[in-house]
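Report on the structure given below.
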Amino acid sequence: MPNLPPVVLWSIPAFVLLTVVELVSFRLRPDEDQQGYRAKDTATSLTMGAGSLLFDAGWRIPIVLVYSALYAVAPVHLPVTWWTLPPMLLAQDFCYYWQHRGHHVVRVLWACHVVHHSSRRYNLSTALRQPWTGATSWVFYVPMVLAGVHPAALAFCTSVSLVYQFWIHTERIDRLPAPLELVLNTPSHHRVHHASQGGYLDRNFGGILIVWDRLFHSFTPETVRPVYGLTKNLDSYNPLRVATHEYTAIARDLAAADTWRDRVRHLTRGPGWQPGPPTSPEGTTAC
């Protein structure tokens, strides 16, 4: 078992301190164009974050068992050293891009990830608004385990990515120097990701690096001020409803569907998919 530090646990004091600093900065130097903080919204984000830690502890057990079984049959086992960790971090970031993109375009996965986008505000507490059903991501990292990456090393890389993404959830930082904006995921790039405008939807999926978005044509720069939240916002601060509302909507659509084909599509198509009107045998729309 590689002896790697628990970077998320070590970072919690910094998360709290930076959130307080940002909150105070809005009190001392408010910006009417920025959303800032609202007590109910922040409380919901913090509750979702605390709940995710609890639920993830349970989800982790079957995932570790699966990863361990796959690692046991991997043809090679990569050592965990100072020179192998950087390529592992790069591989994790690549897999994260596809995991993140998949969670936006497949509705049953979106039901998990929608929690993180449910706030209409964009501040450091929003980074802590995490889902309670995080067992939908593990499959995207199976190639890394089969390639010989120890599950503990994968967990470390995932934690590094999570810690990095905390600080980019802010409106208080405008843009970084151009070379950094070209390569890294930054507050500007991630604000686009959290926006609900049509031109910004489903863009900028990167974790640490933004190069995958540039390479796979999902990058959009920040040009107009984002409007945060969902295309159909959830008017509730109840953590249980925030965690489950999209699953409830899926269940409702499944019950109302006329065919099994439509039921499958409700699960596998994008979040906005709905069956079209029936067509006549000649292919024209029926009245």
Side-chain angles (χ1 to χ4, degrees), residues 7-8 11 14-15 18 22 34-35 85-106 109-110 112-119 121-131 134 136-137 140-141 143-144 149 154-231 270-271:
V7 291
V8 173
S11 300
F15 291 168
L18 290 172
E22 186 186 47
Q34 297 180 358
Q35 294 295 320
L85 275 176
M88 290 179 186
L89 283 167
L90 184 66
Q92 190 279 336
D93 200 59
F94 177 76
C95 292
Y96 174 85
Y97 169 83
W98 290 109
Q99 174 244 303
H100 196 181
R101 188 167 180 169
H103 276 68
H104 274 256
V105 300
V106 178
L109 301 182
W110 172 247
C112 165
H113 187 59
V114 67
V115 169
H116 185 59
H117 287 263
S118 60
S119 175
R121 295 173 182 269
Y122 192 77
N123 53 56
L124 292 176
S125 74
T126 307
L128 306 178
R129 186 178 286 227
Q130 297 294 325
T136 59
S137 300
F140 291 88
Y141 302 98
M144 288 185 64
V149 175
L154 173 57
F156 172 77
C157 294
T158 301
S159 297
V160 170
S161 177
L162 185 65
V163 170
Y164 176 88
Q165 291 181 63
F166 172 78
W167 75 276
I168 62 177
H169 290 81
T170 182
E171 292 186 282
R172 301 304 262 178
I173 299 174
D174 186 13
R175 281 181 172 81
L176 301 184
L180 297 179
E181 293 282 344
L182 183 67
V183 175
L184 296 176
N185 193 13
T186 66
S188 176
H189 298 330
H190 206 59
R191 285 192 290 268
V192 169
H193 180 71
H194 273 258
S196 60
Q197 294 108 306
Y200 282 172
L201 286 178
D202 298 336
R203 311 300 292 174
N204 299 2
F205 299 108
I208 297 175
L209 301 176
I210 202 67
V211 294
W212 313 120
D213 288 284
R214 297 184 186 277
L215 182 62
F216 297 110
H217 309 294
S218 56
F219 174 74
T220 294
E222 183 183 31
T223 53
V224 299
R225 182 169 294 278
V227 177
Y228 304 109
L230 306 172
T231 55

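One-based numbering along the sequence shown.
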Inset, instruction - Evaluate the side chain to side chain contact (heavy atoms under 4.5 Å, CB included) criterion for residues Phe166 and Leu128: first the C-alpha distance (whole Å), next the side-chain angles of each, then the deciding distance (0.1 Å), finally the verdict. - result: CA-CA 8 Å; Phe166 172 78; Leu128 306 178; 4.1 Å; yes
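- A 4.5 Å side-chain heavy-atom check between Thr158 and Leu154 finds at least one atom pair inside the cut-off.
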Inset, instruction - Quick one: do His190 and Asn185 satisfy side chain to side chain contact (heavy atoms under 4.5 Å, CB included)? Show the steps, please. - result: CA-CA 7 Å; His190 206 59; Asn185 193 13; 3.7 Å; yes
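- No option in His104, Glu222, His116 other than His104 meets the side-chain hydrogen bond (donor to acceptor under 3.5 Å, both in side chains) test with His193.
- Expressed to the nearest 0.5 Å, how far OG of Ser137 lies from OH of Tyr96 amounts to 8.5 Å.
- In this structure, NE2 in His100 is found 11.5 Å from CG in Asp93, a value given to the nearest 0.5 Å.
- By the 4.5 Å heavy-atom criterion applied to side chains, Pro226 and His194 are not counted as neighbours.
- Applying the side-chain contact (heavy atoms from CB on, under 4.5 Å) criterion to Leu182, with sequence neighbours excluded, gives Arg214.
- Separating the CG atom in Leu90 from the CG atom in Leu85 is a distance of 12.5 Å, to the nearest 0.5 Å.
- A distance of 13.0 Å separates CD1 of Ile173 from CZ of Arg175, quoted to the nearest 0.5 Å.
- Counted by atom type alone, Glu181 and Ser188 present zero donor-acceptor pairs between their side chains at under 3.5 Å.
- With a 4.5 Å cut-off on side-chain heavy atoms, Leu109 and Phe140 count as touching.
- Of the possible donor and acceptor atoms, none in the side chain of Glu22 sits under 3.5 Å from a partner among the backbone N and O of Arg172.
- Nearest heavy atom pair, residue Gly207 against residue Ser161, reads CA-OG, 4.4 Å.
- Considering only heavy atoms from C-beta on, Trp167 stays 4.5 Å or farther from Leu18 through its side chain.
- Residue Ser159 comes nearest to Val7 through the heavy atom pair CB-CG2, 3.2 Å, listed as atom of the first residue, atom of the second, then distance.
- Looking at Arg121 and Tyr228, their side chains never come closer than 4.5 Å, going by heavy atoms from C-beta outward.
- Here the side chains of Tyr200 and Val227 are not in contact, with every heavy-atom distance at 4.5 Å or above.
- The heavy-atom pair separating Pro131 from Cys112 by the smallest distance is CB-O, 3.2 Å.
- With Arg191 contributing its side chain and Asp174 its backbone, the two residues share a donor-acceptor pair below 3.5 Å.
- Ring centers of Phe205 and Phe216: at least 6.0 Å apart, outside the cut-off.
- Expressed to the nearest 0.5 Å, how far CG of Asn204 lies from CD1 of Ile210 amounts to 4.5 Å.
- In summary, the aromatic rings of His103 and His117 are positioned with their centroids too far apart to meet the 6.0 Å limit.
- The shortest distance between side-chain heavy atoms of Leu230 and Val114 falls below 4.5 Å.
- Side-chain contact between Phe219 and Val192: absent, with no pair of heavy atoms (C-beta onward) separated by less than 4.5 Å.
- Contact between Tyr122 and Ile168 at its shortest, heavy atoms only, is OH-O, 2.7 Å.
- With Gln197 contributing its side chain and Arg225 its backbone, the two residues share a donor-acceptor pair below 3.5 Å.
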Inset, instruction - Start with the C-alpha gap between Asp213 and Tyr97, add the side-chain angles, then the distance that decides, and say whether side chain to side chain contact (heavy atoms under 4.5 Å, CB included) holds. - result: CA-CA 8 Å; Asp213 288 284; Tyr97 169 83; 3.2 Å; yes
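- Atom CG of Leu215 sits about 11.5 Å away from atom CG of Leu209, to the nearest 0.5 Å.
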